[in-house]
Amino acid sequence: MGIRIYNTLTAKKEDFQPLQEGKVGIYACGMTVQEKPHIGHMRAAVVADVMWRYFEYKGLKVTLIQNFTDIDDRVIEKAKEKGKDYREIAGQNEEAYLRASDRLGIRRATFYPRASQHIEEIIRLIESLEAKGLAYAVDGDVFFKVAKFKGYGKLSKKKIEDLRAGARVKVDPKKRSPLDFALWKGAKEGEPWWESPWGRGRPGWHIECSAMSMHYLGETLDIHIGGADLIFPHHENEIAQSEAVTGKPFVRTWVHNEWVTLAGKKMSKSTGHFVPIEEILERYEPDVVRLFLLGIHYRSPLEFEEERLEKSKTALERLKNALRVDESNESMSRDSKDSKTHGHTRLFEEALEDDFNTPKALGVLFELAKEVNIKRAQTGLPTGQAGMIVAPGGAKLLHTLGGVLGLFQGREEPTDHLVPDLMDLLINLRDQLRQSNNFDLSDEIRSRLGNLGISLEDEEEKTTWKRK
RNA sequence: GGCGGCUUAGCCAAGGGGUUAAGGCGACGGUCUGCAAAACCGUUAUUCUCCGGUUCGAAUCCGGAAGCCGCCUCCA
C-alpha cells in the first residue's frame, strides 16, 4: 500500500505519487511574524515534520520550504505601534519560532525564505500577470483580475456569485471588482518600500508564496500544506496567480490541518486568543507537547487544555518506561526476525499511510510498549536486561517507529556526568540501609529525592532512577 | 444568507456496511514489592446525539432534527 493523502482540491484521499521519482517537494505556509508563535503554528509544523519523517523513512528525499511573511500590513502596524523597524519585530518573532521549533524537534526546513528577500521574483511575476492582461495597476497599487481566471474557487469550493453576495468587507474603491486582490501595494508615508515599475511599494500577501514556492520548487509542487484558515482566500489566490502565469497546475496535493482551539474557539494572533508555545514549553517537555499534538488526526480540531497535556505526560511516561534499556549492551542494535514486531511495523505504516493517521499509529506504539513490558514481566528480569531480550524487536523498534513521529530523539539530554554519578552513590548507600532493614531512612531518601523531581524504582537486582 | 465540518465509555480518541467497537488517561479489584514505584492480569460502550429509511445486516450509506464549530475578512 502506498501513501494516501487527503487532497483539499479534490476533497478525496488520493494515492500520493511524487512528480519526480524518489523526491518530494513540500511548501509549508509559515507564519506572519507580527506576533509570537503559538501552539497552533506548531501543530502545522509538526504535521509537516511527520510527513517529512515518514517520506524519508520510506526512502524519499524531501525538500521542505517554509516561508516567513515578514512584510505585510500587520507587521507594519505592529512595528508602528511599538515604534520599531518592521525588521526588528519580524526578526524577534522568527527567532522565537525557530527556538520553539528546534525544541520540539521539528526539523529545520531546507530553506526559510522571507518575502522581503524575494521582491525581484515577486515583481517579475506581477509583470507577467500584467502582460497577460490578468492584472491592472491603479495609482501605484496592482490588482489581480479574478474574473479573468477560470476556475477561481475550485479549492475552497466557492462560487464567485456567492462570494459577491457574501462580501461584507469594505471594498477598496480602486478595485474594479470586489473580489480582485492586491498583488502590489503602493507605500504610504512612513512605510517600508521597494522600487517597482508601479512606483514605491511592497508586495501583497498572496503573491509572495507563489513567487517563492515556484522559485525553490518549480512551477508545480507536490504538496502545499497550511492551516485550513488559509484555504480561502490565500491559497485560492495563490492558485490563480500561479496558474495564470504558468498555465500548469500549481499544486498536486493540497494539505490543510485544522486548528488548535482554546475554550472551543480557534486560536488567533489577531484577537490575542492564543497560548504562546514558549509558555507551554516552560512547563512540559517537548515530547509531551508532540504527543498532545499527534494524539488527534491533523484534520480534526484540537482543544488546548491543561488536562490533556497532563494525560499526554503520563502516556509519554508509559512509552519511555518501556523504552528504558541498557544502552551499553550491544544487542540493542541487532535486528530482529520476530514476526510479532513485524506485525507492529506493518500496522504502524498502514496507519501513517492512511492520510497520516497519527492517533492510530500511536495506538500501535502503545501496543508495542505493552509487548515489551509483558516480555519483561515474563522473564522476570529487571528493566535493563529484559529490555535487551526483546529490545531488538521491541524497545528498539519502539524507538525507531517513535522516531518517525519525531519522538524520543534524545534532545536536551544532560551531558554532565556528575548527576548520574551522585545518583549511583546515593542508591548504593541506600541499598546498604535497606539490607540492614533500615527502611525509615531509605524511604526518607526516596521521598526527599521525589521532592527534587527524581523517582526511584527498586527492582529485583538493582534500583533505577529517573526524572519525573 | 452561501458553503463545509463535528457529535463513539467518566475524560481524550481511532474505526467507518458483517469476526470480541483500537489505543491513551482515569477508576475499581488482584499479582509482584519490606513499603512504594514501574509492570502485568481482570473489570469499566450489548452500543456509537436523536428520528426515520436502504439492506439479510448500519456506529458506518441516505434523508431529516438538535447541539457545537469553522470558512465566506488578517489568521497555522
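Letters A, B, ... mirror the listed sequences (proteins, then strands); counts begin at 1.
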Query raised in the report: Nearest of B:C41, B:C74, B:A36 to any side-chain atom of A:Asp458?
Result: B:A36
**Report entry** Selected nucleotide, minimal atom distance to A:Arg318 side chain, candidates B:C71, B:G26, B:G24
**Finding:** B:G24
Report summary line: Rounded to the nearest 0.5 angstrom, the CG-CE distance for A:Asp49 and A:Met42 is 11.0 Å
Query raised in the report: Using a cut-off of 4.0 Å on non-hydrogen atoms, how would the nucleic acid contact of A:Val260 be classed: base, sugar-phosphate, or nothing?
Result: base
Query - Nucleotide nearest A:Asn373 (side chain, heavy atoms from C-beta), chosen from B:A13, B:C40, B:C72 - result: B:C40
Query raised in the report: Taking RNA chain B as the partner, which of residues 273-285 of chain A come within under 4.0 angstrom of it by heavy atom?
Result: none
Report task. Kindly confirm or rule out a cation-pi arrangement of A:Arg299 over A:Tyr6, judged by NZ or CZ under 6.0 Å from the six-membered ring centre and within 45° of its axis? Result -> yes
Query raised in the report: Does A:Tyr97 have its ring centroid less than 6.0 Å away from the ring centroid of A:His38?
Result: no
Requested in this report: Measure centre to centre between the rings of A:His235 and A:His206, then say whether the value is under 6.0 Å.
Outcome: no
Query raised in the report: Given B:C69, B:G23, B:C41, which nucleotide is nearest the side-chain atoms of A:Lys265?
Result: B:C69
Report task. Could you tell me whether the side chain of A:Asp443 has a donor or acceptor atom within less than 3.5 Å of a complementary atom in the base of B:G34? Result -> yes
Query - Under 3.5 Å donor-acceptor pair, A:Lys311 side-chain atoms to B:C11 base atoms - result: yes
Report task. Name the closest nucleotide to the A:Glu457 side chain, picking from B:U73, B:A38, B:G15. Result -> B:A38
Requested in this report: Ignoring the backbone of A:Phe366, work out which of B:G23, B:C40, B:A14 is nearest its side chain.
Outcome: B:G23
Report task. Could you give the distance separating B:G15 and B:A58 at their C1' atoms, to the nearest angstrom? Result -> 14 Å
Requested in this report: Side chain of A:Asn357 only, please: which of B:A38, B:G15, B:A13 is the nearest?
Outcome: B:G15
Query - Options B:A13, B:G34, B:C72, nucleotide nearest the side-chain atoms of A:Lys158 - result: B:C72
Requested in this report: Just name whichever nucleotide pairs with B:G10, Watson-Crick or G-U, keeping both distances under 3.5 Å, else none.
Outcome: B:C25
